[in-house]
Amino acid sequence: MASNIEFTAKQTAYRAYIDHCGSCPVCAADSETCTTAQDLWEMYAARAETGQ
Ligand SMILES: [Zn+2]
């Protein structure tokens, strides 16, 4: 089903964000200053909205 593909894409985007936060020295200091984390989160948020 198409919904399963959307779910997997959302989970993948979320995992990428979590993985980044766990290995990024900028995020460890202050995640709000990390543009990479912001990009990853926006990617996840966009999928989360369209995946509903
Ligand atoms: Zn980061």
Side-chain angles (χ1 to χ4, degrees):
M1 288 195 286
S3 59
N4 286 339
I5 296 172
E6 284 292 328
F7 181 78
T8 301
K10 190 182 357 180
Q11 291 290 95
T12 301
Y14 184 71
R15 180 63 183 274
Y17 172 76
I18 295 300
D19 283 351
H20 170 85
C21 291
S23 60
C24 177
V26 179
C27 287
D30 183 0
S31 62
E32 291 187 3
T33 65
C34 183
T35 55
T36 302
Q38 288 173 13
D39 287 346
L40 290 170
W41 180 257
E42 286 175 10
M43 205 181 308
Y44 164 69
R47 291 196 182 283
E49 286 180 14
T50 59
Q52 286 297 321

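Every number for a ligand or one of its atoms is a count from 1 in the order of the listing.
When all heavy atoms of Ala9 and Arg47 are compared, the closest pair comes out as O-CD, 3.4 Å.
Around the Zn ion (ligand 1), the protein N, O or S atoms closer than 2.8 Å are His20 NE2, Cys24 SG, Cys27 SG, Cys34 SG, listed by chain and residue number.
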Which atom pairs, donor and acceptor, lie under 3.5 Å between side-chain atoms of residues 34-41 and protein residues at least two apart or in another chain?
from	atom 1	to	atom 2	distance (Å)
Gln38	NE2	Glu32	O	2.8

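The side chain to side chain donor-acceptor pair (under 3.5 Å) analysis of residues 12-28, with sequence neighbours excluded, yields the pairs Arg15-Asp19.
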